[in-house]
2 protein chains.
Amino acid sequence: MAVTIKDVADAAGVSVATVTRALSQPDKVRPATRERVRAVASDLGYHPNRAARGLITGRTGNLGLIVPDLANPFFPGIVKGVQARAHEADHAVFLADTDENPAAEAGLVRRLAKQVDGVVLCSPRMPETELRALAAEIPMVLVYRRIPGAPSVTAGFLDGMRQAVSHLVALGHRRIAYVAGPRTSWANRERVRSLRGVTRSSAFSRSSASAGIGRPMNEGAFPGIGRPTNEGTSPRIGRPTSEGVSVDVGVSTTGGARDEVAEIELIEMGSVMPQFEGGVAAADRILATRATAVIAYNDLVALGLLHRFAARGIAVPEDISVLGFDDIPLGAMVHPALTTVALPKGPAGRAAVDLLLTPQMVNQQLPTQLIVRASTGPAGG
Amino acid sequence: MAVTIKDVADAAGVSVATVTRALSQPDKVRPATRERVRAVASDLGYHPNRAARGLITGRTGNLGLIVPDLANPFFPGIVKGVQARAHEADHAVFLADTDENPAAEAGLVRRLAKQVDGVVLCSPRMPETELRALAAEIPMVLVYRRIPGAPSVTAGFLDGMRQAVSHLVALGHRRIAYVAGPRTSWANRERVRSLRGVTRSSAFSRSSASAGIGRPMNEGAFPGIGRPTNEGTSPRIGRPTSEGVSVDVGVSTTGGARDEVAEIELIEMGSVMPQFEGGVAAADRILATRATAVIAYNDLVALGLLHRFAARGIAVPEDISVLGFDDIPLGAMVHPALTTVALPKGPAGRAAVDLLLTPQMVNQQLPTQLIVRASTGPAGG
DNA sequence: AATGGCGCTGAAAACCTTTACATCCATGCT
DNA sequence: AGCATGGATGTAAAGGTTTTCAGCGCCATT
């Protein structure tokens, strides 16, 4: 059937041990013999049987990759990165899709675990405790999620958010809404945190040449909601506790303004599904807040906003500016093209594989980049 | 380390042979023993080592899946279908992406071949001779490509095209352009063939309540090109032979019209890359043909057309109707939402796996479905 | 000249499972 | 009662590789 190591050994007139050494530990065999063996091997088209090798070495040369939803255009980029790097390292990759079902994740990982040397887990939705247990069981690296006890690769959300807000502020926007993603999403929590950080940080104040600190939101628009409590590091006043229903809530971020040239009013919308439909559903509520700019949890949601705005005859960016996150290919295809904070995808995948191949308990943070296209423009344009 | 079959055997007080039989050939062992063994096995959390099993049985329980470009939103749907069915059958799937490089396909297949029981090859771009050789080497099923000698699953392009043209004709369109995909694409060839078939078939004539046969195209628009040769079954007059440069060419399909109520003038555009950019690039040329409707090779190209039309202030569908192929999710997100011929994706993937698991040399043809959305409207609207 | 050491190679064990074959026992038949 | 039959279980080989250990020849050292 297939050519085995014995065939090569016989043809080369050596033992199987010499063949395996000639191929995998070149320095342990005399150059003349080595070359002869190698010539014969490639001549016969010999490739080691990976199952047999795995049996003895305990390693498979395979990687597992788990994503929440391949249909979400954010993930294919990561998958391609993982694949490219894995192939370079002569590893094949198993792909599994959890269909956005957090309960399926752990099972899938454990199932794959026996056939791979490690798995990269993309944006896992499962609770942290469970995740940590899993990380202790088998080698794995997280992408776009960070927990203690597992290596991970993420991106500079804070910096990305800073670029985004800077951009909007520079265009004159002072009333900015944020459409939140799922509560269970680590990325969403990070974005919210970044957003709050940015609107308080002095770095931002400098970069935008203006202080970015709020005041109680427009009382007329939301009477009775959004009472400011000017204390604590995390001014999460009036944040809706029930999820899904998502009452619109105005949140004023307070802090020591360096100067009062500009004030940003931050409006957090309740969470939506991180998909197109979520954006469509949120669009009208956004309009009701009279925000002049909106930052969406991700591009898909932003696209939903764009769609609904177009349907209602709201001009983007003249009437309202829209900014997304991720930089999925579609963003450049729609009209107007979407301004977005680009998150590394291919590089993230590659980095994850590197971390798997040469294990080290680190969090690798990749850069983000604001991409200005047509969906953002001057306030009150 | 991991629990082996021997551990189970010892714990259950039987031999390893009995354990393996109890688990995989239940009827070959006494019920009492069988249950005892099974209890112990699940107690210890025993799972057979797949490498060892593969070594002896020659089968791996794995499938390979190769797609041209995961970033093309058409493919994730297929991938998900393959995965779902494979998991049901307790198979894991290796995914590989060729990055639209036809030369990489064969190598990838051969590489995967040794680790899988079979591979499903999605829209392969490689030449048929090479493909046939490959099919002889290892079990594989083709998706969206059909050759003699390999099982495949495709879709009813002819029927889909008939629905599409019927729809446009019913809306009053008589001058329809087709933007072709890559010459190497089987799907493109099929679509062209279907298009020609439809505009000639009496079935279509009936379904559209009008005959659909052309005449030489407008001389003014394309002086000197498109000379009609009214012979042969395949009237491919003036088809550009150089690929890529793609001179616009008018092709008139001739044939015996049943009645002269309606005539369709078919305009074939040179091939473009099957991506967004291809559509953008083709848009202006389409306009120059003064076609009232355009059928794009696929949705991505259609989206490119839409994009460029929007930029030029051409209203869709008022000024021109646009119809795509595939039904990718984005199609529903853009404005106006894209009318398209939906091709089965998940079902195609599932069918492919079935064909791999229970080999049979057939071509399975899945149904297509026209999805009318907002990008098509009455001619001369 | 003998010994130690070193570089190179070969023999064989080990990895874990499946399966062909052997063994054993009980049952039923003659 | 003895033997054939057949069902249940055990034994051992096989599958292809890596790795440990031993062996062999040769050079350098004493």
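From a predicted model like this one, the values you see are computed outputs, not experimental measurements. Side chains included, hydrogens not; waters and symmetry mates left out as well; all remaining heavy atoms used. Proteins come first, then strands; the chains are lettered A, B, ... in the order of their sequence lines, and each starts at number 1.
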Phosphate OP1/OP2 of dT9(C) contacted by R30(A) side-chain N/O (<4.0 Å): yes

5' precedence on DNA chain D between R53(B) and D27(B) (nearest-nucleotide basis): D27(B)

For G181(A) against N188(A), the heavy-atom pair lying closest together: N-OD1, 2.8 Å

Whole-Å distance separating the NZ atom of K6(B) from the P atom of dT18(C): 16 Å

Short N/O separations, protein against nucleotides 19-22 of chain C, under 3.5 angstrom:
{"residue": "dT19(C)", "atom": "OP2", "partner": "Q25(B)", "partner atom": "NE2", "Å": "3.3"}

Inter-axis angle, terminal five-pair segments of the helix from dA1(C)-dT30(D) to dT30(C)-dA1(D) [nearest 10°]: 60°

Nearest-angstrom distance from the residue atom CZ of R50(A) to C1' of dC16(C): 19 Å

Smallest separation among heavy atoms of A150(B) and M140(B), with atom names: CB-O, 4.5 Å

Nearest-Å distance for atom pair CG/P, residues L44(B) and dC16(C): 14 Å

Integer-rounded Å distance: dC16(C) P and Q115(A) CD: 16 Å

Phosphate OP1/OP2 of dT9(C): any T33(A) side-chain N/O under 4.0 Å: yes

For atom CD1 of I5(B) and atom C1' of dT18(C), their distance in whole Å: 8 Å

Exercise: identify the closest heavy-atom pair between P344(B) and Y144(B): O-OH, 2.7 Å

First and last nucleotide of DNA chain D, 5' to 3', lying under 4.0 Å from heavy atoms of chain B: dA8(D) to dG16(D)

Distance test, side-chain N/O of T18(A) to OP1/OP2 of dG10(C), below 4.0 Å: yes

CZ/R59(B): more than 12 non-hydrogen atoms of other groups inside 6.0 Å: no

Shortest non-hydrogen contact between A352(A) and V143(A), atoms and distance: CB-CG2, 3.6 Å

